[in-house]
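Worksheet for the structure shown next.
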Amino acid sequence: MAEAAPLYDTYSRAPLRFERGEGVWLITESGERYLDFGAGVAVTSVGHGNPHVVAALKEQADKVWHLSNIYEIPGQERLAKRLTDATFADKVFFTNSGAEALECAIKTARRYQFSKGHPERFHIITFEGAFHGRTLATIAAGGQEKYLEGFGPKTPGFDQVPFGDIEAVRAAITDATAAILIEPVQGEGGVRPATAEFMKALRRICDEKGLLLILDEVQTGVGRTGKLFAHEWSGITPDIMAVAKGIGGGFPLGACLATAEAASGMKAGTHGSTYGGNPLAMAVGGAVLDVILADGFLEHVRDVALVFRQGLASLKDRYPDVIEDIRGEGLLLGVKAAVPSAELLQAIRAAHLLGVPAGDNVIRLLPPLVVTAEEAREGLARLESAAESIRASKVKKTA
């Protein structure tokens with residue numbers, strides 16, 4: 001009898017063991033090369049083993065790793081200044097993950113209303129199909145039953161409405177509403193972008209009703225859609241924003257950004273983190289921003305995204321029996337399968353291409369932002385090979 005694995009049985013892992021990465025490639029222990037268009041679920045934004053980021057981590061590792069927030073950490077001040085200079089925000093709280101950044105965002109919104117004399121305003125309107133993390137509060141915010149099942153009563157204070165339905169948003173607002181929380185593009189929910197009109201309408205409603213607009217840009221942020229943050233496409237700004245994934249390029253790092261007004265209730269002692277904002281994370285985050293904010297980089301993302309999107313549209317036209325739809329913004333793209341998405345995912349892995357499953361029978365394609373047009377075309381060729389293999393399998397079954 002095989003010995004039981006010592007790990008929790010919470011993941012359905014693919015039988016792949018990667019030893020090292022180079023740019024947009026991952027290499028297995030046996031030396032097989034895979035084109036990584038999953039990027040650790042939109043995390044390795046500047047590629048595997050990026051020399052500039054690796055150098056920053058090594059340099060900091062020789063100095064000091066951890067201090068705790070009992071003391072001033074100069075790296076936090078530097079990175080926060082760069083983030084506030086580049087965004088709507090005045091204040092930053094550093095975390096280790098996206099879920100923690102969302103927890104901070106939720107607490108910031110509730111504390112704001114409390115500090116303004118409205119402790120009854122703690123409800124947050126969220127959207128069907130959302131994914132905001134795996135803590136008890138963030139699974140309640142996401143509202144998906146598959147993540148809520150078995151974890152006791154749902155954390156109160158989250159009111160879900162259909163994605164994109166502005167009248168449902170208006171109808172859900174009560175005297176207990178504190179904020180609205182939305183992903184500009186739902187990733188886990190099937191790569192579903194909110195329209196610019198919808199985002200603008202949410203901003204107007206928040207202004208009219210004294211609510212805070214919270215954006216979850218954990219997956220959409222740090223250049224993923226071709227702008228530094230996805231909300232820039234709609235021409236609005238939030239009051240609070242959660243960021244993670246790409247900002248650390250693979251190192252655990254998240255941040256909650258807010259205006260000074262929205263963060264005004266977060267006084268000393270109201271929130272904290274042992275590891276959040278540690279010197280290693282700050283060095284890596286700064287190096288990642290060096291790459292993302294360099295002249296021409298976001299233009300490069302947009303240019304490659306156009307090549308990739310056009311190629312995907314061509315594949316959809318030629319393989320309608322395999323690919324039903326193409327969705328997304330920038331290099332956050334979704335292939336809605338016309339076959340079970342697990343079948344398509346298996347086929348692209350067989351072609352040594354990596355993607356990420358999502359809801360609504362979608363496979364996400366999320367290459368590192370440093371991907372070249374040539375590498376995007378290589379990914380398209382592998383996806384075509386996968387589609388061809390599925391088609392051939394269908395023909396064989398009906399023969």
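Remember, predicted model here, so these are calculated numbers, not experimental data. We use all heavy atoms of the structure for the numbers below, so side chains are in, but hydrogens, waters and symmetry mates are not.
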Would [X] and [Y] count as having a side-chain donor-acceptor pair, cut-off 3.5 Å?
{"X": "Asn69", "Y": "Gln76", "result": "yes"}
{"X": "Ser385", "Y": "Glu388", "result": "no"}
{"X": "Arg318", "Y": "Ser314", "result": "yes"}
{"X": "Asn278", "Y": "His66", "result": "no"}
{"X": "Tyr147", "Y": "Glu188", "result": "yes"}
{"X": "Ser341", "Y": "Asn361", "result": "yes"}
{"X": "Thr135", "Y": "Glu103", "result": "yes"}

Shortest non-hydrogen contact from [X] to [Y]?
{"X": "Val371", "Y": "Val304", "answer": "O-CG2, 3.5 Å"}
{"X": "Thr220", "Y": "Pro184", "answer": "OG1-CD, 4.0 Å"}
{"X": "Arg327", "Y": "Asp360", "answer": "NH2-OD2, 2.7 Å"}
{"X": "Ile125", "Y": "Val169", "answer": "CD1-O, 3.9 Å"}
{"X": "Pro238", "Y": "Met241", "answer": "CG-CB, 4.2 Å"}
{"X": "Ala56", "Y": "Ala287", "answer": "CB-CB, 3.7 Å"}

Any chain of hydrophobic side-chain contacts (each under 4.5 Å) joining [X] to [Y]?
{"X": "Val53", "Y": "Val301", "result": "yes"}
{"X": "Leu332", "Y": "Leu215", "result": "no"}
{"X": "Trp25", "Y": "Leu383", "result": "yes"}
{"X": "Ile292", "Y": "Val284", "result": "yes"}
{"X": "Phe37", "Y": "Phe18", "result": "no"}

Looking at [X] and [Y], would you say the former's side chain and the latter's main chain have a donor-acceptor pair under 3.5 Å?
{"X": "His271", "Y": "Thr108", "answer": "no"}
{"X": "Gln60", "Y": "Val64", "answer": "yes"}
{"X": "Ser97", "Y": "Glu100", "answer": "yes"}

### Message
With side chain to side chain contact (heavy atoms under 4.5 Å, CB included) as the criterion, how do Ile182 and Met199 come out once you've worked through the C-alpha distance, each side chain's angles and the decisive distance to 0.1 Å?
### Response
CA-CA 9 Å; Ile182 188 171; Met199 297 294 286; 4.2 Å; yes
Beyond-backbone contact of [X] with [Y], side-chain heavy atoms, under 4.5 angstrom:
{"X": "Ile240", "Y": "Tyr112", "value": "no"}
{"X": "Arg121", "Y": "Thr177", "value": "no"}
{"X": "Glu299", "Y": "Asp295", "value": "no"}
{"X": "Asp239", "Y": "Ile214", "value": "no"}
{"X": "Arg20", "Y": "His48", "value": "no"}
{"X": "Ile348", "Y": "Ile363", "value": "yes"}
{"X": "Leu57", "Y": "Leu280", "value": "yes"}
{"X": "Met282", "Y": "Leu253", "value": "yes"}

Indicate yes or no: does [X] engage [Y] in a salt bridge with an N to O separation below 4.0 Å.
{"X": "Arg204", "Y": "Glu208", "answer": "no"}
{"X": "Asp321", "Y": "Arg391", "answer": "yes"}
{"X": "Glu22", "Y": "Arg33", "answer": "yes"}

### Task
List the steps and the verdict of salt bridge (Lys or Arg N to Asp or Glu O under 4.0 Å) for Lys81 and Glu77.
CA-CA 6 Å; Lys81 181 67 164 60; Glu77 294 166 14; over 6 Å; no
### Message
Could you check, using the six-membered ring where one of them is a Trp, whether Tyr275 and Phe94 have ring centers closer than 6.0 angstrom?
### Response
no
### Query
Between Phe229 and Phe88, is a ring-ring contact (aromatic ring centres under 6.0 Å, His included) present by the stated rule, with each step listed?
CA-CA 10 Å; Phe229 291 101; Phe88 71 95; 8.1 Å; no
### Task
Go through Ile180 and Leu212 one step at a time and tell me if the side chain to side chain contact (heavy atoms under 4.5 Å, CB included) criterion holds.
CA-CA 6 Å; Ile180 297 171; Leu212 297 179; over 6 Å; no
### Message
Exactly one of Val24, Ile27, Thr28, Leu353 should register a side chain to side chain contact (heavy atoms under 4.5 Å, CB included) with Tyr34. Which one does?
### Response
Thr28
### Task
Determine, stepwise, if the pair Arg82 / Asp290 fulfils salt bridge (Lys or Arg N to Asp or Glu O under 4.0 Å).
CA-CA 10 Å; Arg82 294 184 72 183; Asp290 289 343; 2.9 Å; yes
### Message
With ring-ring contact (aromatic ring centres under 6.0 Å, His included) as the criterion, how do Phe158 and Phe122 come out once you've worked through the C-alpha distance, each side chain's angles and the decisive distance to 0.1 Å?
### Response
CA-CA 9 Å; Phe158 299 97; Phe122 68 93; 9.0 Å; no
### Task
For side chain to side chain contact (heavy atoms under 4.5 Å, CB included), just list the numbers for Glu128 and Val161, CA-CA rounded to whole Å, side-chain angles, deciding distance to a tenth of an Å, and then say yes or no.
CA-CA 6 Å; Glu128 293 172 4; Val161 299; over 6 Å; no
### Distance in Å, Asp159 CG paired with Ile124 CD1, rounded so as to fall on 0.5 Å steps
9.5 Å
### Query
Does atom CG of Asp9 have more than 12 heavy-atom neighbours from other groups under 6.0 Å away?
no
### Message
Evaluate Val339 against Ile390 for side chain to side chain contact (heavy atoms under 4.5 Å, CB included), listing each step before the verdict.
### Response
CA-CA 9 Å; Val339 297; Ile390 290 173; 4.1 Å; yes
### Query
Hey, mind stepping through Lys116 and Glu261 against salt bridge (Lys or Arg N to Asp or Glu O under 4.0 Å) and telling me if it holds?
CA-CA 11 Å; Lys116 297 299 181 182; Glu261 175 66 10; 3.1 Å; yes
### Task
Quickly, which of Gln186, Arg364, Arg224 forms a side chain to side chain donor-acceptor pair (under 3.5 Å) with Gln219? Name it, please.
Arg364
